[in-house]
Number of protein chains: 12
Amino acid sequence: MKILVINGPNLNLLGKRKPDMYGHRTPEEVEKFILKYFKEVELKFFQSNSEGEIIDQIQKADAAYDGIAINPGAFTHYSYAIRDAIESIRIPVAEVHLSNIAAREDFRHKSVIAPVCIGSVAGFGAYSYVIGIQALAHLIKRKSE
Amino acid sequence: MKILVINGPNLNLLGKRKPDMYGHRTPEEVEKFILKYFKEVELKFFQSNSEGEIIDQIQKADAAYDGIAINPGAFTHYSYAIRDAIESIRIPVAEVHLSNIAAREDFRHKSVIAPVCIGSVAGFGAYSYVIGIQALAHLIKRKSE
Amino acid sequence: MKILVINGPNLNLLGKRKPDMYGHRTPEEVEKFILKYFKEVELKFFQSNSEGEIIDQIQKADAAYDGIAINPGAFTHYSYAIRDAIESIRIPVAEVHLSNIAAREDFRHKSVIAPVCIGSVAGFGAYSYVIGIQALAHLIKRKSE
Amino acid sequence: MKILVINGPNLNLLGKRKPDMYGHRTPEEVEKFILKYFKEVELKFFQSNSEGEIIDQIQKADAAYDGIAINPGAFTHYSYAIRDAIESIRIPVAEVHLSNIAAREDFRHKSVIAPVCIGSVAGFGAYSYVIGIQALAHLIKRKSE
Amino acid sequence: MKILVINGPNLNLLGKRKPDMYGHRTPEEVEKFILKYFKEVELKFFQSNSEGEIIDQIQKADAAYDGIAINPGAFTHYSYAIRDAIESIRIPVAEVHLSNIAAREDFRHKSVIAPVCIGSVAGFGAYSYVIGIQALAHLIKRKSE
Amino acid sequence: MKILVINGPNLNLLGKRKPDMYGHRTPEEVEKFILKYFKEVELKFFQSNSEGEIIDQIQKADAAYDGIAINPGAFTHYSYAIRDAIESIRIPVAEVHLSNIAAREDFRHKSVIAPVCIGSVAGFGAYSYVIGIQALAHLIKRKSE
Amino acid sequence: MKILVINGPNLNLLGKRKPDMYGHRTPEEVEKFILKYFKEVELKFFQSNSEGEIIDQIQKADAAYDGIAINPGAFTHYSYAIRDAIESIRIPVAEVHLSNIAAREDFRHKSVIAPVCIGSVAGFGAYSYVIGIQALAHLIKRKSE
Amino acid sequence: MKILVINGPNLNLLGKRKPDMYGHRTPEEVEKFILKYFKEVELKFFQSNSEGEIIDQIQKADAAYDGIAINPGAFTHYSYAIRDAIESIRIPVAEVHLSNIAAREDFRHKSVIAPVCIGSVAGFGAYSYVIGIQALAHLIKRKSE
Amino acid sequence: MKILVINGPNLNLLGKRKPDMYGHRTPEEVEKFILKYFKEVELKFFQSNSEGEIIDQIQKADAAYDGIAINPGAFTHYSYAIRDAIESIRIPVAEVHLSNIAAREDFRHKSVIAPVCIGSVAGFGAYSYVIGIQALAHLIKRKSE
Amino acid sequence: MKILVINGPNLNLLGKRKPDMYGHRTPEEVEKFILKYFKEVELKFFQSNSEGEIIDQIQKADAAYDGIAINPGAFTHYSYAIRDAIESIRIPVAEVHLSNIAAREDFRHKSVIAPVCIGSVAGFGAYSYVIGIQALAHLIKRKSE
Amino acid sequence: MKILVINGPNLNLLGKRKPDMYGHRTPEEVEKFILKYFKEVELKFFQSNSEGEIIDQIQKADAAYDGIAINPGAFTHYSYAIRDAIESIRIPVAEVHLSNIAAREDFRHKSVIAPVCIGSVAGFGAYSYVIGIQALAHLIKRKSE
Amino acid sequence: MKILVINGPNLNLLGKRKPDMYGHRTPEEVEKFILKYFKEVELKFFQSNSEGEIIDQIQKADAAYDGIAINPGAFTHYSYAIRDAIESIRIPVAEVHLSNIAAREDFRHKSVIAPVCIGSVAGFGAYSYVIGIQALAHLIKRKSE
């Protein structure tokens with residue numbers, strides 16, 4: 001099983017940006033942290049600050065992966081284009097957030113992405129990725145049975 | 001480690017109510033499904049249709065459990081009293097939903113509970129409980145280390 | 001045919017509370033007034049000030065009655081938990097109000113219950129129950145034919 | 001006792017328009033269906049697609065009828081002119097809807113007519129007229145006693 | 001100088017409808033009351049409950065009158081079609097109201113007609129017409145000088 | 001193929017009203033302009049300032065025409081009754097506007113008619129009718145093939 | 001009969017400020033223009049840029065005048081303190097505006113003063129004062145008869 | 001004179017929950033603190049996390065007490081059922097809050113309870129109860145004189 | 001201990017303005033009524049209809065008084081300048097209202113002053129001042145201990 | 001005459017994405033379908049998922065084309081940057097949509113692009129491009145005459 | 001060149017009020033700080049807590065100064081009267097704020113003054129005045145060239 | 001000291017786009033105009049129409065510059081991704097606008113960028129850059145002292 005992990009804008013700054021909120025691990029350390037939980041799932045990581053590149057990647061993933069775990073960063077709150085991309089593909093997508101967005105600024109309370117995902121996870125730090133991918137894998141497996 | 005799983009109103013009807021949305025498992029079957037994933041965590045289940053009883057239970061859990069996984073059902077959207085109860089205790093609480101509430105009626109898009117939880121999970125069916133509890137356990141463990 | 005009539009919070013005060021709006025009959029007198037209109041329908045009355053008890057009752061009624069006529073009182077305007085209970089059962093539910101809620105305070109103009117009922121009646125005093133039950137009975141009969 | 005039944009725009013299309021929502025009976029069949037329930041009440045039916053004609057009719061009815069049962073169709077949601085007409089006359093008016101407008105599009109949730117009626121009925125198909133007229137007759141009788 | 005006075009829906013009920021708010025004079029008495037104030041201005045009165053007829057009349061008045069004083073009744077609050085008609089003609093239009101609409105129901109606080117009139121008068125009973133027409137005449141005179 | 005072109009309130013003033021916005025052609029000239037583009041489509045024109053008459057016409061057109069091109073004028077923004085009429089018939093309806101309503105006053109930004117049409121055209125002056133009718137004809141033809 | 005004319009902030013700049021909107025007359029010329037219309041009414045003029053002074057003046061006028069004509073300038077849109085002052089006195093108050101505030105910026109569409117006045121006039125330039133005072137005088141006379 | 005003090009959800013946690021906001025006294029200590037201020041007023045304390053039980057208590061208090069001081073906790077912001085209960089009884093009710101709710105989260109700024117109370121006190125910690133009860137006693141005494 | 005009592009606009013009209021709402025006592029009688037409750041607290045009264053003078057007074061009080069009890073009248077609802085003044089000083093301020101503002105017009109439901117006060121009292125007539133000052137004195141005393 | 005057709009995000013997925021809504025033709029087939037309608041107009045097609053690239057293209061088109069037909073995809077609803085680009089160039093731009101966006105999700109009802117276009121077409125599938133380009137060509141021709 | 005610097009309510013408390021936000025300099029020190037940057041510009045400082053006095057000053061400045069730099073304090077957010085004063089004069093006005101109002105309370109995010117100024121500066125402490133005046137001087141100079 | 005000046009979408013069109021609003025200088029001329037004001041500050045200019053590239057640049061600038069002056073163009077109003085980028089870096093950022101955005105279309109009144117900048121300047125044309133950079137330099141210098 002192959003799952004693509006997409007990280008949106010500014011997530012390349014992990015470890016530097018607001019460590020109290022996003023944790024002290026760098027992107028590489030977060031990847032390692034996640035990888036050690038998955039043996040049977042092949043994970044690939046992609047990060048971009050560009051909405052267009054993320055859309056390109058989502059479109060391409062349809063043929064190459066079994067599912068996507070996406071942390072759209074700030075695009076969560078306004079990128080209807082990413083939403084349309086997710087709605088256009090056939091593989092399932094799970095939304096993942098490091099911080100508990102419901103407990104932050106007002107503009108972060110609404111996700112325009114969530115309605116087209118199969119589910120979402122928020123607030124458990126890097127562990128959000130672990131359980132988001134796990135749930136995705138669980139679902140893909142059940143469907144393919 | 002002891003975790004209390006609280007289910008809010010109408011979740012006793014699982015398996016009967018909108019099976020396409022909530023799944024075909026009865027509450028007992030959901031409990032069994034969850035339990036098989038946890039060996040080192042002692043799980044206790046509580047369900048009530050009464051806001052007051054859920055608040056009582058949250059308050060009592062503070063002394064008896066290490067964390068709470070709560071699916072507040074429809075109370076998610078207006079029970080500021082449950083929110084206050086969660087904010088009043090010291091053990092961490094994770095919000096859990098069977099369905100992807102962001103993809104349903106407008107009134108279900110806002111959770112008044114989420115801002116006082118450590119994190120939330122939605123949309124993965126009964127598996128939402130599994131990963132919510134897992135994340136909670138992960139967090140409790142890390143804190144106690 | 002068996003129909004359960006559920007009265008929500010403060011409806012036990014009928015005859016005392018705002019008689020110009022709700023009429024001078026006590027709950028017992030209202031019941032009598034209603035009963036004399038129905039010979040072939042078995043009516044049972046239930047009143048509670050507790051949201052949880054009303055939900056319990058709705059759930060139980062599913063197996064024991066052919067329909068429910070409910071006056072949710074103030075719960076009309078915010079109890080999404082009662083709404084979910086009604087949506088979860090198979091027997092039809094009719095919403096009934098003594099006063100014309102559209103002509104009162106702003107917060108009373110919106111019913112969160114109505115969208116999951118088959119129909120609603122408001123403004124005809126105790127006679128609202130009579131025609132609400134009658135419509136319910138008409139519908140149940142037609143379906144069972 | 002004489003009651004005027006007013007039907008607003010597009011209600012002349014009954015039986016053709018969205019039969020799943022409005023039923024399969026033509027306007028004539030609906031009239032027959034209603035008439036068979038009333039022996040002591042003289043019913044007259046009026047339909048128009050024109051707001052002005054409906055207002056004219058409401059004004060004239062004040063001297064000629066004991067009450068009005070009105071299904072304002074789409075005018076329900078914006079005709080403050082019909083509202084003013086109803087508020088200007090002395091005979092009681094009951095609002096009647098075939099479908100459960102609370103369960104349909106957002107714009108149908110608000111009735112600008114309801115606040116000036118004595119009561120309203122919605123959702124019971126053609127039977128809504130039957131119980132609306134019945135309630136109106138009940139009220140007129142009680143007043144004249 | 002010729003001025004057309006247009007009265008909208010339900011203004012034919014003057015003297016009957018809410019006399020405390022609209023006064024005890026019948027339409028004929030109001031006309032007489034107004035006429036005695038004007039010697040050099042030729043006044044013509046038109047009333048209709050139909051939006052379409054009022055629009056027709058406004059369009060025709062463009063060639064036949066020097067100005068219009070209009071009390072659009074409830075159309076004040078939603079008839080963008082009457083607004084467009086007024087905006088389409090060249091003669092000036094003054095908005096006139098018997099009651100102080102700012103002191104009544106919320107929906108009466110907004111006039112969609114006012115922005116395309118040269119001015120408006122409200123709250124002085126039948127005398128509102130007198131001063132509205134007077135102001136209109138003053139303006140027409142000044143322009144023609 | 002027969003298509004009915006319906007023009008709403010104040011569109012009989014074309015050429016006079018705001019020529020910079022609506023063009024200098026009179027209604028007759030606009031009709032001629034449109035007609036010269038269609039040889040195989042039989043076009044009939046209807047204009048009214050009355051909402052009721054437009055509804056009557058829409059209802060009658062169902063049996064007599066293959067499609068309707070409608071410019072509802074100001075009714076675009078509030079006539080839910082016209083919307084219901086369009087939704088009630090079986091032939092396709094295209095919405096047409098001379099001016100670019102999105103670039104004008106706020107109240108013109110929302111069309112209550114558009115959601116029940118098959119498509120809409122705005123901003124191309126009299127040519128909006130040409131392409132709206134053309135698209136309608138294209139669609140009718142394809143369906144009948 | 002004595003009437004006080006109160007002018008709010010920036011109305012001392014008449015003739016200088018936006019002459020296309022407010023006219024070319026200076027405050028003194030406007031006063032003269034108004035005075036020539038009234039022989040039996042004693043008029044006194046007061047202008048201030050200070051909300052507090054206007055309130056003081058309104059309070060004092062209660063004992064010394066028979067009525068007030070007020071153009072509250074920008075205070076129209078937010079001074080609940082002036083509103084309270086007007087509501088606290090017994091003599092009638094008429095609201096007067098030079099320009100048609102309904103046709104200007106959004107914030108000018110709402111008057112917090114109007115609901116406590118007996119009536120209001122807007123859009124007729126300096127003539128608005130003339131007819132506002134005239135209506136006030138008409139009313140005071142009728143009351144004292 | 002007998003006054004009932006009702007405490008809503010989570011107020012049994014006083015001393016534990018957010019001591020910086022709610023103070024360090026336990027419920028028992030708060031009761032003692034209050035009691036020492038009143039000699040002639042008989043005080044009874046009731047706390048519940050259940051909306052229904054609070055309504056029951058308010059209804060019963062009508063016959064047994066001279067007034068109620070209520071701190072509805074989070075129910076302040078949405079319990080229209082408690083509001084109706086208060087509106088239904090004849091004895092006066094004063095609303096009391098420990099913290100200054102106007103200075104906290106947005107959802108705490110609106111009280112649905114306040115409009116049916118005679119008055120309210122907020123922000124003075126446990127002393128809010130003292131002055132709320134005192135004002136209630138003052139009022140009851142004055143009425144009975 | 002010295003406390004300054006500040007009264008905002010129109011409160012000099014007490015006894016005259018809406019006596020059913022504000023009581024029949026004149027400002028002098030209210031002062032006497034209040035004074036008789038306080039022996040150890042030196043009270044000074046200040047009233048103004050001018051926002052600027054009230055701000056001046058608040059600023060000066062910082063050095064001369066131990067606390068302020070303020071009834072900002074209508075300024076309660078929009079004077080962010082008074083709010084800033086209160087936030088800028090070090091002595092505590094209590095908000096006081098004669099009437100229950102939550103039960104009156106919509107615009108009175110929001111206080112822009114309350115968030116920067118230590119607490120607020122409303123609805124107990126002149127007695128609101130008594131308990132507001134008392135609470136303030138209680139707090140000042142406790143702090144100075 | 002040269003016209004550039006710009007397609008926004010996810011329009012490269014045509015034929016795959018929601019074929020019931022967007023049709024079964026691939027982008028290449030849509031291009032062919034459009035091309036066969038135009039002989040005298042030279043059409044060039046550009047698609048991108050990147051907002052920045054679309055802006056670049058719009059800017060460059062100003063010197064190289066006579067007009068632009070743009071389907072901004074999801075950017076329709078929030079890209080004020082694309083709006084500014086269109087407003088900055090001199091050649092006319094027509095907005096084109098395959099589906100009837102007024103009949104879909106709420107967020108699709110508002111176009112931030114439309115106000116700066118000369119006109120817009122929606123709902124006629126691939127034929128929307130045909131008539132949009134045709135209208136654009138008609139306009140360009142008329143201007144150059 | 002002569003520029004008037006106007007400071008609104010509570011700005012006389014500089015150095016005392018919230019020094020972390022507004023800095024530690026007293027008003028005199030701020031004036032000195034500003035003055036040392038300007039040699040060719042004659043600066044005059046005016047501060048008032050009274051809206052009326054600020055309006056008076058703005059009006060007078062029109063004849064005596066070449067420009068105004070204004071920090072309206074809390075009046076920024078609601079004084080439409082100051083806005084009108086600024087709009088009424090011919091000399092340019094620049095809005096200046098010490099703190100970054102966009103990063104503070106919601107009510108501070110909207111300036112009713114900004115739309116009638118030529119520009120605005122916020123967030124650079126006392127240096128905001130320096131650059132605001134500098135920009136104003138730059139503009140005045142360029143115009144007079 | 002090194003400061004990066006970032007220009008957002010469509011700012012490469014300066015001199016061409018709406019010269020009355022944005023001035024007649026080309027981007028190169030604007031750069032020259034700015035540069036001549038700064039001797040001790042090293043300025044570098046960057047422009048892009050792509051949100052992603054701007055984020056990349058902001059991230060890189062953190063290590064290479066002492067501060068950023070940004071004119072985000074239309075991204076000002078919706079790019080939460082750029083906002084997050086600014087919030088993630090340590091060097092100070094100043095927001096700069098050529099035009100007075102508060103005086104333009106509604107959507108331009110809100111900046112999602114401003115709350116995370118240290119300050120903002122708008123309305124002074126190219127001179128906005130000069131004073132924005134100057135303020136930034138002033139601040140950086142003061143901090144490094």
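Fair warning: this is a prediction, and the values are worked out from it, not measured in the lab. Here is the naming used below: chain letters follow the sequence lines, and residue numbers restart at 1 for every chain. Because only heavy atoms are used, hydrogens play no part in the values below, and waters and symmetry mates are left out as well, while side chains stay in.
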So, the part of Glu87(J) with a heavy atom under 4.5 Å from chain L: the answer is side chain
With the side chain counted from C-beta on, respond yes when Gln59(J) and Lys16(L) share a heavy-atom pair under 4.5 Å apart, and no when they do not.
-> no
>> Check this for me: Lys39(J), atom NZ, are more than 12 non-hydrogen atoms of other residues, nucleotides or ligands nearer than 6.0 Å?
In response: no
If you measure only the distance, is there a donor-acceptor pair under 3.5 Å linking the side chains of Asn49(L) and Asp56(J)? yes
### Query
Hey, is NZ on Lys44(L) packed in by over 12 heavy atoms from elsewhere, all under 6.0 Å?
no
For Ala81(J) and Asn10(L), the nearest pair of non-hydrogen atoms, with its separation, is O-ND2, 2.9 Å
Look at atom NZ of Lys2(J) and say whether more than 12 heavy atoms of other residues, nucleotides or ligands are closer to it than 6.0 Å.
yes
The interface call for Arg90(J) against chain L, heavy-atom contacts under 4.5 Å, is neither
Name the orientation class of the two ring planes belonging to His77(L) and Tyr80(J) (parallel below 30°, tilted from 30 to 60°, perpendicular beyond 60°). perpendicular
